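Quick notes on the structure that follows.
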Amino acid sequence: MQTAIATVCLAGTLNEKLEAMAAARFKGVEIFENDLLSFDGTPAQVGRRIRDLGLEAVTFQPFRDFEGMPEPRRSKAFSRAERKFDLMQELGCDLLMVCSNVSPDSLPEIDRAAADFHELGERAAARGLRVAFEALAWGRHVNHYRQSWDVVRRADHPAVGLVLDSFHVLARRSDLAPLRDIPKDRIFLVQMADAPKLDMDYLSWSRHYRCFPGQGELPVADFMDALNATGFDGLLSLEIFNDSFRAGSARSVAVDGQRSLLFMLDELQRRTGRPVAGVPNLPPRAHCRGIDFVEFAMDETAAAKFEQTLAALGFANAGVHKSKAVTRWRQGGINIVVNCEKEGFAHSYNITHGSAVCALALKVDDAGAALARAGELLDQPFRQLVRSGEVYIPAVRGLGGSLLYFTDDRTDLGRHWEIDFDVPPRAGDGAGAGLTAVDHVAQSMHYEEMLTWLLFYMSLIEVHKTPVEDVLDPGGVVRSQVVESENGALRLVLNASQSQHTLASRFLNDLFGSGIQHIALATDDIFSTVERLRTAGVELLPIPENYYDDLDARIDLAPGALERLRANNVLYDRQGAGEYFQVYTKDFDGGFFFEIVQRRGYAGFGSANAPIRLAAQTRLARHPAIPRR
Ligand code: MG
Ligand code: MG
């Protein structure tokens, strides 16, 4: 399989786009005519630049409104095509992509379209070129891949082939069965795109909302399975029209594109058990067994205050790093690391972002394999010097420049606490507040980054995504996307907002970038935990009376249950027989806070309560002096 990417996917000048593609290890590029026209130089110079970067121009596009034109427009269409052929020969590209005619003047007869393509094939072949036909979902007479295939079949010319575009095929919910019977050598080009499910006209949907495979909601895997049934091993190219991508960094979007292709083709290999030519043999996605630790970067003043809070939350000081200003706090299966080093990664993170979570460590089956997969997927490995005798923990760069560490139980990584940490003489008694594990981690990010991090996690770790939810914040709408592992060991909530006034956005401003905004800790008994926190002086987010009145009206609760929730500022949700209880701490410097949750057979995240919680946090931020009940 030869993979490629279209210039239309990326922002920047043609030269910037090409450099970004080469840096992201692409070999093939689809040249959009507009990018060529806006280039300050001849097509031959563009061709040389492409080859100098180790790329190949695999397609030139688009050629529009060609087939089925009445005279004299038919003759004009052919002379237009000849001019494109001249240009392609100068450029060094042998395939012209023709999309189906949208002109109201075009004729409906399929034999006429086929005859036009036969002639175009003759003219192309005379120059050693080829043409490929794509059915636009909004084409006038040809808008389905079965129709474009019919035209190509009847054109019956070796220089005329078919384009299959996953967006056009899947947006129309076309039956994929006939696709499996198309001879593979008649498919000249496959264009890949995913998209969110939206109820809008095909043209606007396609031109603005396409995204990379795996980022959207179209059944891309079904398309790939059907394509695979043909034995297709030709040209597979990303063709994404997306407003955010075209406003983003060309380099980062190109890397996302390569990652999405590798992930998609790796999944195909795993489903079929057969290697796809040209696709590396990747280790499997990392199976997460749990969150090994969460690391905070702080200065000493902030750390002293934060560690008091940790103690009040029931954490015990369980270790002091042998060579660094790093302490370990532990409760149940939760490890929190507070890093006050004056040099190195955590320090620079602290300088840039203030007190914040700088790293998340995942316990996986095989940390080395996870790092190897990350490398193949163009994730950015991170390495910091460790003293001899100390454990090197593999890591990649994650959200907002933070780190994602991998540990396992196969090597010394399973003993990094014992090897790197001394147990302090006055280790806490560990009586705790009943907190057992990290339930979920919520990350706030820029709206434009959301698809990037979604793909980052999905491609690297064995997680699936749940449908996007829009949550109401007093300052606007927050888009929320969950990625989670089947075993519940890892649940990440990705939040982003286009409004500057939501809590998620204010957090981004306070933190100078994306990062972890809250960590939810699990308890088996929320009321007992709240009782112990209250005794220890932990202030929880006050919830308004109205919430409980509404809850009473919405949900049938056992006698006394409502009073108990109200008295303890506990938010409650129910899904079927599943129950969910939540409380929140006040936020710390920089806007970070903890949530404490109890699940009883409940799979969600209390999104029905999120507007209430966000309003309560906003009220507190605006009027911190108002006495609390
Ligand atoms: Mg297309
Ligand atoms: Mg939460």
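Keep in mind the model is a prediction, meaning the values are calculated, not measured. Counting convention: from 1, in listed order, for ligands and their atoms alike. Numbers here simply count residues along the sequence, with the first being 1.
- Residue contacts to the Mg ion (ligand 2): Asp439 brings no N, O or S atom closer than 2.8 Å.
- A centroid separation of less than 6.0 Å is found between the aromatic rings of Phe245 and Phe212.
- Aromatic ring pairs are classed by plane angle as parallel below 30°, tilted from 30° to 60° and perpendicular above 60°; the pair Phe63 and Phe66 is tilted.
- Restricting Glu595 to its N/O/S atoms, the shortest distance to the Mg ion (ligand 2) is reached by OE1.
- Shown here is Arg153, whose CZ atom has more than 12 heavy atoms of other residues, nucleotides or ligands within 6.0 Å.
- In summary, no N, O or S atom of Gln61 is located under 2.8 Å from the Mg ion (ligand 1).
- Note: angle at the Mg ion (ligand 1), from OE1 of Gln191 to OE2 of Glu134, is 80° (rounded to 10 degrees).
- If you take CD on Glu239 and CD on Glu134, they are separated by 6.0 Å, rounding to the nearest 0.5 Å.
- For the pair OE1 of Glu239 and OD2 of Asp165, the angle whose vertex sits at the Mg ion (ligand 1) is 80° to 10 degrees.
- Counting heavy atoms of neighbouring residues, nucleotides and ligands inside a 6.0 Å radius, atom CD of Glu486 does not exceed 12 of them.
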